[in-house]
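What you see below is based on every heavy atom in this structure, not just the backbone, and it leaves out hydrogens, waters and symmetry mates. Everything quoted here is computed from the prediction, not taken from an experiment.
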Amino acid sequence: VFWPLYHIVCAASYFLQSPKPSVFATLVFSTTVLWGLRLSFYLLKRQAGKAEDHRYASIRSARNQQFPFFSLFLIFLPQAFMAWVICLALQPLFHTVVAVTWTHWLFLFIAASGLIFEIVADHQLTRFRALRRPDAVLNSGLWRYSRHPNYFGEWLFWLGLSLISLHHTFWQPI
C-alpha cells in the first residue's frame, strides 16, 4: 500500500523545488500522483480485512522480537531507496527548463496509456474475482493477450516517464 506513496512524496518534493514548473511538468506530476493514488487505493481495497501477507508473517515469526528493527532495514528502507532511485527519472523534468516538443507529448501519451491499461486490467480482474468459479481462469479482455496486463501497463507507464526524462535531459537542441 505504501510503495506508490513513496513515489508521490518523491515526485512532490522534486516538483515543489522546481524553479518554474511548466504546464507539461505539472501534467507529468499529476499523472504520477494519479498513478500512485490509484495503485495505493487498489492495494488497500484488495488487502482490507485480510491476514498479513504470508511473506511478512514468515519474517515476523522467524525474527520474533527483532522484527521491527529487522523489517526497517530489510523491507522498508530498501523500498524507500528503490522508490527514490526510480523517481530520479523525474528530477530533470522538474529542474530543467526546456522547450516541450511533440516527442515529450508522445512519451506522456505512452505513460498515460500505461496508466489506463493498468486501470482497465485491474477492473477486469476485480470483476472476474467477484464472479468466478474456483477453477476458472481469466482469459477475456486484456487478459486474453497476457497473463499480467497490469504489469505491462506498469511497464508502459514508467517507460513513458523515463523517455520523457531522457529526452528532456539529452535530446534537446542546443
Side-chain angles (χ1 to χ4, degrees), residues 1-15 24 26-64 67-68 70-90 93 105-165:
V1 171
F2 296 108
W3 169 256
L5 299 179
Y6 292 137
H7 295 78
I8 292 173
V9 168
C10 198
S13 70
Y14 292 151
F15 183 74
F24 185 79
T26 304
L27 284 172
V28 171
F29 173 68
S30 300
T31 304
T32 305
V33 170
L34 282 173
W35 167 85
L37 291 175
R38 183 213 66 85
L39 183 55
S40 190
F41 284 119
Y42 176 78
L43 294 172
L44 182 64
K45 182 180 172 187
R46 190 178 78 181
Q47 291 303 114
K50 293 186 179 175
E52 181 179 35
D53 185 295
H54 66 86
R55 297 167 292 186
Y56 296 121
S58 174
I59 294 170
R60 183 183 302 281
S61 68
R63 299 291 179 195
N64 208 0
F67 179 74
F70 188 78
S71 64
L72 176 66
F73 290 99
L74 180 72
I75 300 167
F76 299 111
L77 287 178
Q79 283 182 357
F81 178 73
M82 286 186 294
W84 175 74
V85 168
I86 290 168
C87 283
L88 281 175
L90 299 173
L93 175 63
W105 291 105
L106 173 65
F107 298 149
L108 182 59
F109 176 78
I110 290 170
S113 297
L115 179 58
I116 292 167
F117 211 86
E118 284 184 77
I119 292 168
V120 170
D122 288 341
H123 176 72
Q124 290 174 349
L125 182 61
T126 301
R127 273 193 27 226
F128 173 76
R129 284 182 172 165
L131 303 172
R132 74 170 179 197
R133 298 183 328 264
D135 61 337
V137 174
L138 178 54
N139 58 5
S140 61
L142 297 175
W143 297 83
R144 178 181 337 160
Y145 305 107
S146 170
R147 288 300 345 127
H148 300 286
N150 43 359
Y151 293 154
F152 176 70
E154 185 81 7
W155 178 81
L156 267 182
F157 177 78
W158 287 104
L159 174 68
L161 292 185
S162 297
L163 290 172
I164 290 169
S165 182

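Proximity of a side-chain donor or acceptor of W143 to a complementary backbone N or O of A121 within less than 3.5 Å is detected. With hydrogens and angles ignored, the 3.5 Å screen pairs no side-chain donor or acceptor of S40 with any backbone N or O of G36. Side-chain atoms of S13 come within 3.5 Å of backbone atoms of C10 as a donor-acceptor pair (strictly under, hydrogens ignored).
Expressed to the nearest 0.5 Å, how far OG1 of T31 lies from CG of L161 amounts to 7.5 Å. The structure places CD1 of I110 at 14.0 Å from CG of L115, a figure rounded to the nearest 0.5 Å. Separating the CG atom in N150 from the CG atom in L39 is a distance of 9.5 Å, to the nearest 0.5 Å. Rounding to the nearest 0.5 Å gives a distance of 9.0 Å between CZ of F152 and CG of L159. Residue R127 holds its CZ atom at 9.5 Å from CG of L138, rounded to the nearest 0.5 Å. F73 CZ to I75 CD1: the interatomic distance, rounded to the nearest 0.5 Å, is 12.5 Å.
Shortest non-hydrogen contact noted between P78 and L72 is CD-O, 4.0 Å. Nearest approach of F15 to T26, heavy atoms of both residues: CZ-OG1, 3.6 Å. Residues I8 and V33 come closest through the heavy atom pair CD1-O, 3.8 Å.
The salt bridge (charged side-chain N to carboxylate O under 4.0 Å, His left out) contacts involving residues 147-165 comprise nothing, where partners must be two or more places apart or lie in separate chains.
Side-chain contact between W105 and L27: present, with at least one pair of heavy atoms (C-beta onward) separated by less than 4.5 Å. The side-chain heavy atoms of Y42 and T126, taken from C-beta on, include a pair separated by under 4.5 Å.
Relative orientation of the H7 and W158 rings is tilted, given thresholds of 30° and 60° on the angle between their planes. Relative ring orientation between W3 and Y6 is described as perpendicular, the plane-to-plane angle rising above 60° on a 0-90° scale split at 30° and 60°.
D122 has a carboxylate O that lies under 4.0 Å from a charged side-chain N of R38, or vice versa, which qualifies the two as a salt bridge.
More than 12 heavy atoms of other residues, nucleotides or ligands shown are found within 6.0 angstrom of CZ on F76.
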Quiz prompt | side-chain contact (heavy atoms from CB on, under 4.5 Å) between F29 and L90, intermediate numbers included | solution = CA-CA 9 Å; F29 173 68; L90 299 173; over 6 Å; no

Quiz item: Do F117 and S113 pass the side-chain contact (heavy atoms from CB on, under 4.5 Å) test, and can you show the C-alpha distance, the side-chain angles, and the key distance before you say yes or no?
Solution: CA-CA 6 Å; F117 211 86; S113 297; over 6 Å; no

